[in-house]
Amino acid sequence: MINARLRAVGVPEVEIEWVLGEDGQPTNEAANQFIHTQQVWKIVLKADALDDVGGGAALVYHEARHAEQQFQICRMRAADLGAMSEADKATSIAIRLDVPLAVAQEAAASPLTPGTTEYTIARNWHDPEPGRSHGGTSAEAKAMVDGIEEYLRGQRTRQSLDPLYQDYVRAYESGYRDIPTEWDAFFVSEKVGDKLGVERDTMPPLDDLIAQVAKAKGLPVPGSPAR
Ligand SMILES: [Zn+2]
């Protein structure tokens, strides 16, 4: 279904790949994201990604929007390559922007026009401000997880986690959601989600994070009944 939508806006179709662990359970690895290389152009989904129907649809639209963004960036590059032959443009786009040749060929055949809004938006997706990358949240996320583990082991208080949580949320919002491609993709997925009555994706509450870390580390949550 998502491919029909992509085709409708002129974007090459994506492959959909489902990720399962050896035990047949969903894994956390490299899932729920759009991935492009010279070999692949695909959306990788966890096995349970669509269990929540509305949220799943919003997720797929979000990732499909990343495919559309990458294609627009390829079309922008096709314009920048100027007088080169279409075949040479396609080769250059595939290598420089790390997309399959078939995708690059489609982009080379339909370059954006410099100076248009479309072109300017694609340029902004391609060259975000320095420092704006997915990596921006990792330090705060690690501090949050480490802090929760210390709490679970009785080495710090619940209350002392609050500042870590605030830093984590702030880093997520300014370091991740504000990247031009993410801001745009969340705009799309939240519109889809709103239509389907899904609550807007917000940071999980601290209690949920604590429960996740407790499960991952096999530690009991203080104050919950022992099992
Ligand atoms: Zn995204």
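In this text the structure is predicted, and so the values were computed from the model without any measurement. Both ligands and their constituent atoms are indexed starting at 1 by order of listing.
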Please tabulate, one pair per line, all N/O donor-acceptor pairs under 3.5 Å involving side-chain atoms of residues 72-79, not counting sequence neighbours.
from	atom 1	to	atom 2	distance (Å)
Gln72	OE1	Arg75	NH1	2.8
Gln72	NE2	Glu118	OE2	3.3
Arg75	NE	Ser110	O	2.6
Arg75	NE	Ser110	OG	3.3
Arg75	NH2	Ser110	O	3.4

Any N/O/S atom, backbone or side chain, of Glu63 lying under 2.8 Å from the Zn ion (ligand 1)? no
Minimal heavy-atom distance between Val14 and Lys42, with the atoms involved, is CB-CA, 4.3 Å
The Zn ion (ligand 1) to Glu182: nearest N/O/S atom name: OE1
With a 3.5 Å cut-off and no angle check, do the side chains of Glu182 and His66 form a donor-acceptor pair? yes
Here the N/O/S atom of His62 closest to the Zn ion (ligand 1) would be NE2
Just to verify, what does Asp208 make a salt bridge (charged side-chain N to carboxylate O under 4.0 Å, His left out) with, not counting sequence neighbours? none
